Amino acid sequence: MSDFDFSVILENWGFLAQGLRYTVQVTITAMLGGILIGTVLALMRLSSLPPLQWFAAGYVNIFRSVPLVQVILAFYLILPMVLQMITGKQMPIGAANSAYFTFTVFEAAYYSEIMRSGIQSVPRGQVAAGYAMGFTYGQTMRLVVLPQAFRNMLPVLLTQTIILFQDVSLVYAIGATDFFGAADKITQRDLRPVEMYTTVAVVYFVICFTLSRLVKLLQSRIAIIR
Amino acid sequence: MIEIKNVSKWYGSFQVLTDCTTNVKKSEVVVVCGPSGSGKSTLIKCVNALEPFQKGSIVVNGVAVEDPKTNLPKLRAQVGMVFQNFELFPHMTITDNLTIAQIKVLGRSREEAVDKGLKLLDRVGLKAQAAKYPGQLSGGQQQRVAIARALAMDPICMLFDEPTSALDPEMINEVLDVMVQLAHEGMTMMCVTHEMGFARKVAHRVIFMDRGAIVEDAAKDDFFGQPRSERAQNFLAKILHH
Ligand SMILES: Nc1ncnc2c1ncn2[C@@H]1O[C@H](COP(=O)(O)OP(=O)(O)OP(=O)(O)O)[C@@H](O)[C@H]1O
Ligand SMILES: [Mg+2]
C-alpha cells in the first residue's frame, strides 16, 4: 500500500461529491415518495374493496419480480414517450431525472409490503377503539393505526432505505453519474482502482453504519412504551 | 335510548345473534351476562355499528344504526365505549388520549379539550398521570383513563364490554367504583359483565344471553330472585360460587 495515492482522491473530490449528492438525493426522494405511495398501496391491499386489493397486489408483485436494472432501463426509455403522449411535446427528461421517478415507483412496492405488515401488527381493538371514538376511516388510519405501524416498522423501513441507497449505483445502466459511477469514471480515466474503490467502500460503509446507528437511537426515542 | 329489535347476525353460516330484542331507557343501567361465546360482545358492538348485522334494527337516540344513510362517525361519537383490553392509544400521552377525539371529532379547541380531559382524569383519580403514556399505568388505571376518554365526548350512553375481566383482582374495584358513580349520576349504561355485585348494586335490569339469544331479560330483583330459565339458574349458580 506504499503507493496509495491520496492526491487522486483529493483532486477528484468535487466530482465524487457531486455523485454522492445525487445518490443521497435519489435515496431521500425515493424513500419519502416510496413510503407515501407504499402506505397508500398497503391500505388498498388491506381494504375491503376487491379492485383496490387487486391493483395493489398486482403493483407489488410486478415490481418485486422484475430486476431493478431492467426497470431503470425500461422507464428511461418509456417515460419520455409517455410524457410526449400526454403533453404532445418532446420531453427529454434525461437519465438523472428518470431515476428519481423509477426508484420512487420501484421502492414503493417494497415499502408497501413493510407498511402492510406494520398495519397488521396493530391490534384490531385499536381500530375498533378509533371508530368507537367517532373517527372516520381516514382519521382512524392517520391518527391511530399508521403512527403505530410506522413506529413498529421503523427499523425495517430504514434497512430498506440502506439497501435503496446502495442500489442507486445501478443507474450506471442508463449512464447517470451517482457516487459509485463517479468513482468508476475516474478509475477508467486515471487507472487508480485501488484508491477509488477503497474510497467508495469506506464512504458507503461510514454512511450505512451511521444510518443504522441512527436507527437504533431513533428507535429507542420514539418506541411505544408498553 | 337504545332500542334493539329482532336483531340477527351471521358469520357466514354461523348464527351469532338470534332475534335479539331489548330496550335500554334513558338513565337505565342494563347488565348483560351469559357464558363465553354467547354473543354478548357481538350484540353490544352492534349498538354502535362496530359490527354490522343482517336482520332487525337498532335505534339509538332516534337514529337507525343499520340505515346506510346514517352518519356512523357522528353516531359513535355520542356513544361511549369501554373495551375489555382498554384500547388506549399507546403512542399518545394520557392527555392526548383524552383530547384527540374531542378536537378531531367534536371540533373543540385544544384548551377546551385539555380542560375537560383533565377534569375527568381528576374525577377518576388520576390527575397526576396526565403526561404519562398508557404503558406506564397499571391495568386498573388504564381502564379508568379509558372511561374518562369516553366521557370526555359527553356521550348520551355508555357501552361496557367486560371492563374488568382483564384486570388483576385487586384492581377491579377501582374501576367498578367509577362505574357505580356513573350509574348513580344517571348515565344510560349497557354493561357486559360478570360482576354480579355491580349488577346487584346499580343495575335496573339484567339480560342473560345464551347461544346468541336473549334467554332472560328481567328486572334485577326478579333475575336474582328467581331466574326463570334453567340455563340462567345454572349460570348464576356457577358464577356466584366462585
Ligand atoms: N369475526 C368472527 N368470525 C366468526 N365468528 C366469530 C367472529 N367473532 C366472534 N365469533 C363467534 O361468535 C360467537 C360470539 O362471540 P362474542 O365475542 O360475541 O361472545 P361473548 O359472549 O362476548 O363471549 P366472551 O365472554 O368470551 O367475550 C362466538 O362463538 C365466536 O366464536
Ligand atoms: Mg366478549
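Letters A, B, ... are given to chains in the order of the sequence lines, protein chains preceding strands, and every chain is numbered from 1. Keep in mind that what you see is a predicted model, and the values were worked out from it rather than measured.
Side-chain rings of A/Tyr204 and A/Phe165 approach one another, their centers coming within less than 6.0 Å. For A/Phe180 and A/Tyr22, the ring centers are positioned 6.0 Å apart or more.
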B/Met81 and B/Glu87: side-chain contact (heavy atoms from CB on, under 4.5 Å), yes or no, with the steps?
-> CA-CA 10 Å; B/Met81 184 152 205; B/Glu87 304 299 351; over 6 Å; no
Evaluate the criterion salt bridge (Lys or Arg N to Asp or Glu O under 4.0 Å) for residue pair B/Asp154 and B/Arg108; output intermediate values, then yes/no.
-> CA-CA 12 Å; B/Asp154 292 319; B/Arg108 287 181 185 154; 2.6 Å; yes
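The pair B/Asp115-B/Arg110 does not meet the salt-bridge criterion, since no charged nitrogen lies less than 4.0 angstrom from a carboxylate oxygen.
For B/Leu75, no part lies under 4.5 angstrom from a heavy atom of chain A. Interface remark: B/Asn48 contributes side-chain atoms only to the contact with chain A (heavy atom separation under 4.5 Å). Interface residue B/Phe83: only side-chain heavy atoms are found under 4.5 Å from chain A. At a 4.5 Å heavy-atom cutoff, the contact between A/Gln126 and chain B is made by backbone and side-chain atoms alike.
Between chain A and the options B/Pro73, B/Ala150, B/Ala77, B/Ala152, heavy-atom pairs under 4.5 Å are most frequent for B/Pro73. Your options are B/Val82, B/Ile100, B/Leu106, and the one with the most heavy-atom pairs under 4.5 Å with chain A is B/Ile100. Heavy-atom pairs under 4.5 Å with chain A peak, among B/Gln78, B/Met92, B/Arg149, B/Lys74, at B/Arg149.
Residues B/Leu72 and A/Tyr131 form no side-chain contact, since every pair of their non-hydrogen atoms from C-beta on lies 4.5 Å or further apart.
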